[in-house]
Chemist: 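Attaching a single structure in structure tokens format; questions to follow.
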Amino acid sequence: MKFAEIAQFFERMEGTTKRLELTEILVELLKNTPSDVISKVVYLIQGKIRPNFEGVELGIAEKLAIKSISKSAGIPIKKIEDAYRLGGDLGITAANVLKEKTQTTFSTENITLERVYDTLFKIANLEGKRSQDMKIRYISSLLNDATTNEAKFILKILLGTLRLGIAENTLIVALAIAFTGEKDNRELIENAYNVSSDLGHVSEVVATQGIDGIKKFEISVFSPVRPMLADRVKSEEEAVKKFQTEFAAEYKLDGERAQIHKKGNEIVIFSRSLEKITQYYPDIVEKIPNVLICDDCILEAEVVAMNENTGDFLPFQELMHRRRKYKIEKAVSDYPITVNFFDVLYYDGNKTIELPYLERRRILTKIVKEDRFAKMIPMSIIKNEGEVLEVLENSINSGCEGLMLKMPQSPYKAGMRGSNWLKLKREYQNELGDSLDLIVVGAFFGKGRRTGRYGTLLLSTYDSENDTFPSICKVGTGFTDESLDQLYQILSPTVTIKKNSRVESDMDADVWFDPNLVIEIVASEITLSPIHKTAYDVIRKNSGIALRFPKFTGKIRTEKHIEDASTDEEVIALYKSQKKSI
Ligand code: AMP
């Protein structure tokens with residue numbers, strides 16, 4: 001397949017914001033794509049080359065892209081940087097710069113989708129000393145043979161700035177229409193995606209085997225299942241009102257969610273955002289096969305750091321010491337953990353996700369042979385507010401964050417946030433009540449003790465409808481010397497020349513970052529503000545929503561993707577519930 005064809009489709013998609021039209025163009029593209037390359041096209045549409053859980057990242061820095069353009073066009077770096085500062089996107093800048101060049105050369109080669117994809121794949125897998133040079137060579141050679149339109153999209157994919165406005169849902173609907181002729185089949189395709197987290201693979205199945213293939217699609221060990229998520233409630237009254245029946249209360253532990261896949265003695269662990277985290281937990285890999293009474297399974301657990309002497313749970317941050325490349329054995333002995341199971345999604349040929357919660361819990365109890373390292377999360381069946389308060393108190397006294405309340409009859413709804421699971425945290429009982437997970441998009445340099453580091457951070461929510469990051473507050477409190485250092489180390493390599501096009505803010509930050517990092521914030525109140533952009537014009541014309549007295553809690557949430565950060569809708573809901581309680 002010619003890459004020019006794909007670039008033309010991308011161009012058309014960029015030109016419309018109408019969902020229906022976008023879906024139509026997408027359907028046309030999918031129908032025009034041979035089934036042996038459909039998965040590659042589906043990944044590229046999403047701006048990636050493999051499903052997220054494989055961790056194949058392009059991660060090209062702007063500087064490297066600029067060097068490659070310079071090499072291909074024979075134009076000095078400085079000139080490209082200047083053009084980029086004036087113009088919008090680096091992809092477009094490249095297209096303009098290269099236009100001058102292609103007008104003077106004779107012809108360009110026809111590049112194929114396969115060539116672009118394979119080159120991107122090679123670039124993503126390059127490591128080591130000479131990798132930068134090799135990357136420049138690969139990119140400039142692609143650009144040499146590319147038309148201006150192709151070059152624009154190649155660069156956008158490389159830089160991670162391709163925004164076709166296509167949410168996963170739109171892609172799923174388009175797959176249903178293109179390969180089954182019926183939009184209503186979207187649910188079946190969505191289910192397949194929810195249990196495999198791989199839309200490329202799902203598209204291959206539906207393109208080659210139609211809806212029958214999708215109906216037979218099975219959950220399978222080593223393909224991560226998209227996690228079921230919980231709605232939040234502010235009080236025990238709210239929980240009791242929502243359930244209207246007796247329900248299960250489990251402790252909510254403050255650790256890292258781990259989806260543990262086991263086949264024989266082989267173990268793979270996925271995080272909440274479905275990244276492979278097996279390498280950080282060699283102790284789980286070693287010990288877990290001995291405590292599970294089954295051959296194959298997919299289980300969910302909360303991994304929590306603990307004090308081995310007292311047996312107390314330690315806060316989530318302790319686990320982050322394990323996020324290192326080298327000397328992991330030392331981290332394992334310095335930061336011991338326990339694995340606390342709470343769900344079973346599959347075991348020995350049995351799909352359990354469709355079973356009611358209580359049945360899954362019964363099976364889980366049979367599979368897990370508890371010991372000091374592996375435990376079941378405590379659970380009790382309760383029905384009234386007094387009982388909720390009693391369990392909440394016990395959970396907090398044992399160092400937990402609060403409760404997860406679960407509907408006894410509910411199946412495991414992969415990939416969904418809903419009211420079958422409710423979370424009730426201790427902080428919900430006061431002030432704003434909740435913490436927010438916000439994205440760091442910019443910073444202001446510090447003074448005094450904070451010189452040379454970022455003294456104040458500019459934070460954004462995630463606007464999932466528009467796929468943008470509107471600013472919600474500046475935060476300068478709650479930092480320790482250690483956290484300021486740590487944040488500087490994480491953030492400084494992600495500084496960009498100018499504000500990312502998905503960030504919405506009128507502020508004049510000293511530095512801008514590639515949105516990458518999520519941190520946890522508490523605040524005393526949610527207010528309306530003309531300065532910030534979250535939920536702009538939603539509650540009041542010319543106003544956004546802002547946080548009053550925001551404070552960093554100390555939690556750097558590296559396990560969360562930016563798309564998992566608090567959304568505009570969540571903040572609007574909090575604003576409204578705050579109004580009600582006043
Ligand atoms: P939050 O990250 O605040 O949205 O809370 C949801 C997270 O709580 C899940 O992703 C799990 O990592 C964690 N968690 C702790 N205890 C439980 C439990 N008993 N059941 C489900 N999730 C739990």
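Atoms within each ligand, like the ligands themselves, are counted from 1 in listed order. Remember, it's a predicted structure, so these values are computed and weren't measured experimentally.
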Chemist: Please verify the inter-ring angle class for Y488 with Y454; under 30° counts as parallel, over 60° as perpendicular, anything in between as tilted.
Modeler: tilted
Chemist: Using a strict cut-off of 4.0 Å, indicate which atoms of ligand 1 neighbour a heavy atom of L253.
Modeler: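 Contacts of ligand 1 toward L253, numbered from 1: 15 (C), 16 (N).
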Chemist: Below a 4.0 angstrom heavy-atom separation, can you tell me which part of M404, side chain or backbone, both or neither, approaches ligand 1?
Modeler: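 It is the side chain that gets close, since no backbone atom is under 4.0 Å.
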Chemist: Are R557 and F316 in a cation-pi contact, defined as NZ or CZ under 6.0 Å from the six-membered ring centre and within 45° of the axis?
Modeler: yes
Chemist: Please list, in number order, the atoms of ligand 1 under 4.0 Å from a heavy atom of K425.
Modeler: 3 (O)
Chemist: Quick one: look at E300 and ligand 1, take heavy-atom pairs under 4.0 Å, and tell me if it's side chain, backbone, both or neither.
Modeler: neither
Chemist: Are any of the N/O atoms in Y251 less than 3.5 Å from those in ligand 1?
Modeler: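 Between Y251 and ligand 1, an N or O pair is found under 3.5 Å apart.
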Chemist: Using non-hydrogen atoms of the residue, decide whether K406 is closer than 4.0 angstrom to ligand 1.
Modeler: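 Distance cut 4.0 Å: K406 passes for ligand 1.
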Chemist: Not counting sequence neighbours, list each pair that qualifies as a salt bridge (charged side-chain N to carboxylate O under 4.0 Å, His left out) and has a residue in residues 340-358.
Modeler: E218-K351, D343-R360
Chemist: Which of parallel (below 30°), tilted (30 to 60°) and perpendicular (above 60°) describes F53 and F270?
Modeler: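 F53 and F270: perpendicular rings.
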Chemist: Look at the side chain of T461 and the backbone N and O of T534, then say whether any donor-acceptor pair between them is shorter than 3.5 Å.
Modeler: no
Chemist: Carefully, step by step, assess S471 and H532 under the rule side chain to side chain donor-acceptor pair (under 3.5 Å).
Modeler: CA-CA 5 Å; S471 76; H532 288 290; 2.8 Å; yes
Chemist: Backbone, side chain, both or neither: what part of E250 comes under 4.0 angstrom of ligand 1, heavy atoms only?
Modeler: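 It is the side chain that touches ligand 1; the backbone stays farther off.
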Chemist: Out of E302, M228, E401, R257, whose heavy atom sits nearest atom 14 (N) of ligand 1?
Modeler: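 The nearest heavy atom belongs to E302.
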Chemist: Heavy atoms only, cut-off 4.0 Å: how does E256 contact ligand 1, side chain, backbone, both, or neither?
Modeler: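 For E256, there is no contact with ligand 1 at all, from either part.
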Chemist: Can you name the residues that form a ring pair (Phe, Tyr, Trp, His ring centres under 6.0 Å) with F373, not counting sequence neighbours?
Modeler: none
